[in-house]
Each structure stands twice: as structure tokens, then as C-alpha cells.
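The structure under discussion appears below in the form of C-alpha cells.
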Amino acid sequence: MPVTGDHAGGRASSAPLVGRESEPTIFELSVPGRLAYYARSTGVPEWPASEIGAHLRREPAELPEVSERDLVAHFTRLAARNYSVDVGSYPLGSCTMKYNPKFADEVAEMEGISRVHPGTPERAIQGWLEILSSLESYICTITGMAAATLQPPAGAAGELTGLLLMKAYHRSKKRDPRKVLIPDSAHGTNPASVTLAGFEAVTVPSGPDGLVSVEALRSLIDGDIAGIMLTNPNTLGLFETKIVEILELVHGVDGLAYYDGANLNAIVGVVRPGDMGFDIVHSNLHKTFATPHGGGGPGAGPVAVAEKLVRFLPGPLVRRETGGDLRWHYPEESIGRVHGFYGNAVVLARALAFMRYLGGEGLKRMSELAVLNANWLRWRIQDSYTIPYGGVCMHEFVASASSIKKSSGVRALDIAKSLLEEGFHAPTVYFPLVVEEALMFEPTETESPQTLAGLADSLIRLAVIASENPELLAERPLRTPVRRLDEARAARKPVLTEDQRTAAPSAS
Amino acid sequence: MLADLGMGSLEDLFAHVPKEIRLQRPLALEKGRSEFEVREWFSGMARRNSAARRDLVIFAGGGAYDHDLSSAARALGGQSAFVTAYTPYQPEVSQGVLQALFEYQTLVARIFGTDVANASLYDGAAALVEAVNLAVGATGSSRVIASGGVNPAYLETLATFGAGRSLELEVAATDEREATAWGAPSGQAAAVVVGYPNYFGTIEDVAEARTVANDLGALLVVVADPVALGLLEAPGALGADIVVGEGQSLGIPLSFGGPYLGLFGASTRYLRLIPGRLVGETVDADGRTAFVTTLRTREQDIRRERATSNVCTNQTLMAIQAAIHLSWLGKEGYQEVSRRCYNAAHYLASRLETIGLRVSSAPFFREFVVELPIPAEAVRSRLFDQGFLAGLAVRGRPNHLLLTATEAHTREEIDRFSDLIAKEI
């Protein structure tokens with residue numbers, strides 16, 4: 001039997017699931033000459049490659065050589081080594097890891113949705129244009145805006161798009177203000193987007209209540225303010241109750257207000273960014289509208305705007321002709337396209353499916369229950385963890401392990417890692433930066449009271465272990481597919497490919 | 001639950017939200033529907049997309065190609081453990097996604113001939129934007145010389161995002177065989193950008209672009225078609241500093257343009273400037289091989305306003321899908337698909353030349369520009385009614401068509417298409 005390495009050819013056995021073995025890489029499974037590929041018969045004649053001349057590839061790319069059976073075994077075993085929402089609760093704060101209804105998968109796979117070339121004539125894609133047009137209308141109704149581009153493929157891309165719209169607006173008024181205000185609790189994408197848009201990020205400090213300090217904000221306002229970027233509720237899960245006053249200050253110097261929709265799941269049907277006074281709003285459809293996160297994408301980050309900014313939106317938009325047909329439309333003063341085609345179209349269709357499923361009342365109930373679940377989970381653990389900010393929270397809250405750390409040395413990280421051992425995903429840790437030893441929980445509306453109680457019981461139990469046997473938590477997790485990793489080693493001498501791996505001394 | 005919180009109704013949860021901004025009426029949206037009714041609504045929409053009917057033969061490319069997709073790859077990529085996870089922030093329970101991304105990075109680096117590759121970006125256009133941002137950061141120049149043969153939608157996206165930091169974008173025209181006429185640009189630049197093969201199908205002379213880049217002290221950014229590289233020399237071997245491309249051809253359905261996959265490979269010289277996630281190998285507390293996202297200090301959540309990229313969520317699921325598809329193709333299948341695309345496109349071009357049409361792209365891989373004696377849109381429209389998506393219009397050239405063929409096209413389809421074109425002209 002021709003084998004080339006310890007793992008070549010693979011073994012269709014479940015050892016990596018029930019045992020403690022790593023799964024070999026697909027390259028280690030490779031056996032020369034083995035093949036899953038099987039092409040159709042086309043009858044197309046061979047054409048001489050001589051025309052390519054000097055550009056012919058000399059060494060073929062070393063792709064793995066595996067049978068279909070072993071390919072399936074490998075990627076099925078990999079999937080078994082991964083936590084996901086479908087397995088259990090995923091209270092990762094600020095990520096809105098809610099359950100993704102299965103029927104949307106079926107929508108995404110319909111041939112009339114998935115097998116459409118983006119360069120098709122408009123008359124043959126009226127269904128797709130109707131989907132996009134309907135989604136734009138839902139988004140505008142929910143956010144209180146006039147029109148929206150669906151192109152940005154993720155939240156961060158939406159931020160940059162929104163900031164470029166802000167720039168275009170000021171330029172149209174022959175102004176060139178430089179500064180964009182961002183609260184100190186903001187997501188890292190906000191300041192990064194501000195820099196990439198050619199603005200300067202100015203940090204607004206929070207007050208002791210966790211909200212934007214209006215006094216501090218007032219002192220930062222001048223004629224060089226292009227606008228402000230805010231999430232509301234903010235990243236502490238608190239509603240900025242002085243939002244109207246804050247935005248009036250910014251509008252007072254002709255600045256624009258950007259709503260980062262990362263936390264939109266808290267307020268759908270309750271309060272709209274447009275009614276708060278925002279001019280630009282991005283929505284993370286993969287958060288609020290339940291499109292699956294895909295292990296880190298694809299997402300979608302449509303940007304909706306107030307009437308005065310519509311003419312700057314990226315083209316094409318979908319607009320209805322007088323005859324009723326839908327057509328592509330390019331706004332005259334458009335900032336230009338922000339995606340190679342029309343955005344993550346199939347993700348957009350999934351989001352619309354979710355919106356139509358819940359309807360207006362259901363979407364409001366979604367937010368109400370998200371807020372209820374967060375408040376209830378917080379109430380259940382408040383005697384075991386420091387809750388730095390009181391009052392009612394919105395869809396998420398931040399707890400702190402600072403007192404636990406002081407008394408036992410157990411850190412937020414240890415609590416998070418130990419929670420994995422309890423069968424739950426960890427919360428977001430060490431964010432926002434304004435809270436020490438932060439543990440940020442976002443249970444979402446789709447978790448049952450029983451699941452929340454189980455999560456709370458685990459957290460309370462971990463706090464008890466922290467005070468009695470803190471050294472136990474430093475060791476955990478013990479029973480996950482792998483234990484804590486040597487992350488410093490990964491960064492010190494990066495091994496990012498199989499070739500760098502085989503060139504370096506073996507990791508094990 | 002409400003009683004535990006000392007509340008009487010869900011309304012109480014929002015009592016602190018100022019009344020004057022609260023929505024005092026229901027959202028003006030339709031009422032909710034069962035999944036069956038929602039699916040039926042979408043089925044209706046899908047039927048109105050006659051573009052998707054089963055017998056439509058697609059000879060259009062332009063960055064989105066109709067390839068055969070294996071059932072195994074579809075099923076594996078659709079596993080809910082991949083679909084419903086998020087960014088692997090907790091590696092202890094994310095080894096599946098992390099290892100699949102490590103394998104993906106290896107595959108992309110090997111295809112591109114680059115030292116390393118990242119864990120994906122949004123699409124080909126976004127990958128180009130990020131490559132240029134890297135070049136600007138590495139050189140301190142904000143001038144970019146791009147070939148006019150690069151996908152026009154990518155160039156437009158680059159111009160949109162480049163406006164933020166005053167990127168000076170100069171576009172070099174293409175000549176009669178749809179290749180770049182670089183002229184003799186002088187001075188300094190951050191990047192020289194060339195397509196390989198380019199948007200018009202022409203296999204550009206990458207070595208020449210390398211010389212232009214050298215003269216300007218610029219990085220060479222190659223926008224490559226990953227399917228072509230089964231047959232064509234790897235851009236990394238031809239001197240590219242950064243190679244980007246659209247990964248849709250690697251097992252992702254046409255999907256009306258998204259979600260697609262931004263491929264990004266680079267030399268290790270620029271390791272610490274690479275955008276997006278990187279997955280690396282390490283060991284766990286028991287010394288076992290494991291994978292983790294690494295070099296995180298490059299990223300926006302740590303570097304904030306000093307970050308050179310704002311990427312957070314990317315296209316992981318598409319990257320995993322591509323890794324599975326490439327593994328299904330394997331070393332031999334990958335080369336064969338590339339060769340079959342080349343054969344089919346050349347057979348199509350030869351048939352059109354037989355009926356007297358002129359093909360300008362030369363030498364080309366799987367896509368080419370052909371000139372018609374009549375307006376291309378009219379031909380496209382009439383052929384659509386006969387079951388063919390007859391390529392794409394070429395901006396600014398009303399009588400030209402951009403046509404492609406892949407391994408999924410049969411000789412019979414190509415013959416029938418050519419015969420119909422012959423009747424039209």
C-alpha cells in the first residue's frame with residue numbers, strides 16, 4: 001500500500017471525538033494518486049497550451065489527494081470539534097448569537113435564489129430585485145430612515161461606508177471637518193473605520209453611570225466636528241437616555257450622527273434610531289436578523305440614511321419604474337460602489353425571510369424578550385459577580401470578575417474558560433475596555449428560562465469554586481477537544497501554513 | 001421572570017427610554033407568517049428570476065463563474081457546526097473552524113505561490129482595497145498605478161474607499177489585445193496593480209508589471225483568477241508581493257453576487273501588515289497540536305484608531321467551503337478543471353472566429369472580448385430568450401461582448417450558442 005506519512009489515507013474512525021487525539025490535517029491525509037474529483041463528459045476538444053508560453057505553471061500546486069470518503073470523514077470530524085449555536089447557548093456579548101431558523105437555509109438554497117449570475121439582464125431578475133427592494137423597505141421602517149444601500153458585506157464595511165457618506169455630505173456643503181467623536185466604550189471597528197475614512201477619532205469619556213458624559217461632550221464640540229458614532233444601547237448594555245441632547249449638540253455644529261447597529265437587537269419596534277435623531281444607521285443582519293455567523297462571516301451591514309443623504313448612497317440601488325418593473329438606479333452624487341456586486345445577496349435574502357417570519361409584532365417581541373433575558377440572567381448572578389452599572393440593562397450586560405480576582409486571583413479569563421467546561425460558550429471577556437475583568441453577556445431572546453437558569457447556576461458554581469479552590473479554575477477546561485493553548489508561541493514564531501509547519505520543528 | 005425583576009410587564013423594561021422618542025405605534029410591517037408561507041413567498045420570487053431556470057446556459061463571467069459543484073462539498077460546508085459558530089475567540093471549542101481555516105490558508109498560499117495567506121476577506125474587490133491599504137502603509141506613498149484591465153467594479157470600489165485617505169489612483173489604458181500599456185510612469189508609488197488573467201481574459205505579462213513596480217519603488221499587487229492558476233504560473237513565483245482574487249470559483253454558487261470570498265496571499269515581509277484573521281499552529285497545555293487566531297495585535301479591536309484595516313467579521317464559511325471544494329478537486333482535479341476551462345473558452349472563441357467575429361484578448365485563459373457588427377445588448381437580450389446568458393456588456397464599447405466558458409459547458413452547448421450568434425449577425 002502506497003503511504004507517505006503516519007496519517008496518509010486517513011482512518012474513518014471516530015478517535016478524535018471520543019479520544020484525545022488531534023485530527024490530522026487534510027495534507028497529512030493525502031496519498032499520491034487518490035482522487036474524489038469526477039468531471040462530466042463535455043466533448044470539448046483539447047486546445048494546445050502553447051499559446052500560454054512562458055506563463056505555463058512549472059510546479060503544480062500541491063493540493064491534497066484524498067478519496068471522497070476520507071474527505072467527508074475529515075471535515076465531519078472537524079465539525080464535531082466545534083461549538084456552535086445549534087449545539088448550545090452562546091452568550092458572547094455584542095455578537096448576538098441567537099438561534100438561526102432552519103427554513104431560511106432552504107430559502108438560501110432555492111435554485112432561483114442561488115443560481116443567478118449577477119450580470120443577468122434586469123427583466124430576468126425581477127424576483128431578486130423585489131427581495132432587495134422589500135428588504136430595503138423593512139430596514140427603513142425599522143430604523144426610521146429614508147433609503148438604504150444593501151452592499152456593505154459586514155458591519156465594519158457599513159461603518160466605513162457611512163463615514164464616507166458623512167464626508168460626501170460635508171464636501172457638498174464645501175466643508176471639511178476632521179473629527180469624529182467616539183465614546184470610550186466603542187467597538188474597535190469604530191476608531192479603525194474613522195481613520196480609514198480619513199477622519200480623526202476623538203474619544204468621549206463615559207460618566208460614572210456608564211453613559212456618555214454630556215458635559216465632557218459639550219467641551220469637545222467645535223466647528224471641526226464631522227459627526228459622532230454611537231451604539232445605543234451602548235456596549236455596556238445601557239440605553240443612552242440623553243441621546244436627544246447629545247445629538248442636538250452634534251447637529252448644532254452641522255455634524256452628522258452615525259448609529260452603529262451592533263446593538264439593534266435591544267430596540268426593534270421600541271425606539272428607532274431615526275426618531276432619536278440619527279442620520280446614518282448600519283444594521284448587522286447577522287446579529288439582529290438571525291442570519292448565521294458562519295464561523296466569522298459572511299455577514300451583511302446595510303447602511304440606511306436620512307433623506308438629506310440619499311443622493312450620496314452607493315449605487316446601484318433598486319428603484320421601481322412607473323410601469324412597475326424594478327430597475328438598477330445610480331444616485332447622481334454617489335460615493336461609488338462598496339462591493340464587487342450587490343453585497344452578500346443570499347445573506348440579505350435570509351434576513352428578509354426572518355423579518356417576514358416574525359412580522360412587525362414579532363420583531364418587537366424579539367427585542368422585548370432579548371432585554372428580559374439579559375436582565376433576568378444579570379439578576380440571577382448579581383450576588384456572585386460585581387455588576388458595575390445598575391439600573392435596567394438592555395439586551396446585554398457587563399459583569400466584572402474584579403472582586404473575585406482580588407480575593408482569589410481568579411481572572412475573567414479563567415471564568416470564561418471554565419464555562420466552556422460547563423458546556424456553554426464563554427461570554428465576551430475584557431471588553432468593553434472601561435470595565436476591569438469584564439465579562440459581557442448577551443443571552444439573546446432565543447434561550448429558554450431553563451437554559452438561562454443552567455447558565456446562571458454554572459456561573460454561580462464557578463464563583464464558589466473560585467473562592468474555595470481557585471487553582472482548579474486555572475487548569476480548566478480539561479474535557480474540551482483541546483485545553484488552553486500556548487498563544488504566545490503561536491505569535492512568536494507564526495506557523496500559518498502546512499509548509500511553514502513542515503519546515504519548522506514539529507509542534508508536538 | 002418579570003416578577004423576579006419586580007416588574008409587571010415587558011413595557012417596564014423600557015421605562016427608562018425617554019417617552020418622546022419611543023415608537024408609539026406598531027411598526028408598519030406585515031404581520032408574521034409561518035415558515036411555509038415565507039418559503040412560498042420566496043419560491044414565488046425565485047420563479048420570477050427566469051435567470052435561474054434550469055436550462056439557462058451561462059456564458060457570462062466577469063468575476064462570477066458557473067462551475068460544477070460537488071454534493072459532498074455542499075453537504076460538508078453546510079454543517080451547522082460551521083454555519084452557526086462565530087469567530088473562534090475560544091479556541092478550545094473552535095478547533096474545527098480553526099483547522100479548516102489553517103488548511104484554507106495553506107491551499108491559497110500554494111495556489112498563489114505566496115508565503116502566507118489570510119483567513120479570507122469579503123470579496124475580490126475588498127481584497128484589492130485591503131492590498132492597496134497595506135501597500136500605502138508599507139511605502140508611505142498614496143499613489144497607485146492600476147491596470148485598466150482590472151475588473152472595473154473592483155477599481156470603482158478601490159476609488160470609493162480610497163477617497164477616505166486621498167488615494168491617488170492612476171489607471172493605465174489597455175491595448176488592442178486587451179493587455180496593459182503601462183507607458184513609462186515615473187516617480188514613487190505604493191502599488192502597481194495588474195489582473196492575471198485580467199478582466200478581459202488576457203494573460204498579462206506579470207514580469208513586465210514587476211519591472212514597472214520596481215521602477216516606482218512600489219509593491220506589485222496581482223489580482224488573480226484562482227482557477228487559472230491550475231494552468232498558469234503562480235503570481236508569487238513571478239514576483240508578486242501581494243496576490244488577491246475572487247474565490248467564488250472555488251465551490252461557491254453564483255448567489256447573485258454574494259456572499260463570495262476575498263482571497264489574500266502575501267510575502268512574509270508584510271506579515272505584520274496583513275489584514276483580517278490569521279490562524280496559526282501551536283500546542284495546548286498537554287502538548288497537543290492545536291490551532292488559534294494569531295498576530296492579533298494587528299487587528300482593529302486591539303489597535304483601534306491605529307489599525308490599518310477595520311475588518312472584523314469576514315467570510316469564514318466561504319473559506320471553509322473553498323477548502324473543501326479544493327480538497328475534493330485535489331491536485332489532479334484542480335489542474336484538470338483549469339485546463340478544461342481553457343479548452344472550452346478557446347473552443348468557443350474558435351467557433352466565433354469561424355463565423356467571422358474578431359476576438360481581441362490574447363493570449364487569453366477562459367474569458368475573452370469579441371466584437372460584433374451590431375449592438376451587444378440586443379444580442380444579449382435575444383439570446384436570453386433562447387436560453388443563453390450571452391456574456392457581459394463591455395463598458396464604453398457598445399458592440400463588444402465579454403464571454404467565458406468553464407468545465408461545466410459541453411461542446412453541444414457551445415455549438416448551439418455559436419450557431420445562434422451566427423444567425424444574429
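What you are looking at is a predicted structure, and each value in this text was computed from that prediction instead of being measured. Naming convention: chains lettered A, B, ... in sequence-line order (proteins, then strands); numbering from 1 in each chain.
The pair A:Arg380-B:Asp4 fails the salt-bridge criterion, with no side-chain N (NZ, NE, NH1 or NH2) lying under 4.0 Å from an Asp/Glu carboxylate O. Contact check on B:Arg110 versus A:Glu62 returns no salt bridge, with no Lys/Arg side-chain nitrogen under 4.0 Å from an Asp/Glu carboxylate oxygen. A salt bridge links B:Glu30 and A:Arg356; the closest N-O separation between the charged side-chain nitrogens and carboxylate oxygens is under 4.0 Å. Checked for salt-bridge contact, A:Arg483 and B:Glu92 miss the test: no charged N lies under 4.0 Å from a carboxylate O.
Only the side chain of B:Arg339 comes within contact range of chain A, judged by heavy atoms closer than 4.5 Å. Using a 4.5 Å cut-off between heavy atoms, B:Leu232 touches chain A through backbone and side chain atoms alike. In this structure, the portion of B:Ala125 lying under 4.5 Å from any heavy atom of chain A is its side chain and not its backbone. Within the 4.5 angstrom heavy-atom criterion, only side-chain atoms of B:Ala109, from C-beta onward, approach chain A. Only the side chain of B:Leu5 comes within contact range of chain A, with at least one heavy atom under 4.5 Å from a heavy atom of that chain.
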- Message: Apply side chain to side chain contact (heavy atoms under 4.5 Å, CB included) to residues B:Thr294 and A:Leu496 and explain how you reach the verdict.
- Response: CA-CA 9 Å; B:Thr294 192; A:Leu496 308 178; 3.7 Å; yes
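Taking the salt bridge (Lys or Arg N to Asp or Glu O under 4.0 Å) definition, one finds that A:Asp486 meets it with nothing, sequence neighbours left out.
Between A:Trp128 and B:Phe256, the angle of the ring planes stays under 30°, which puts this pair in the parallel group of the 30/60° scheme.
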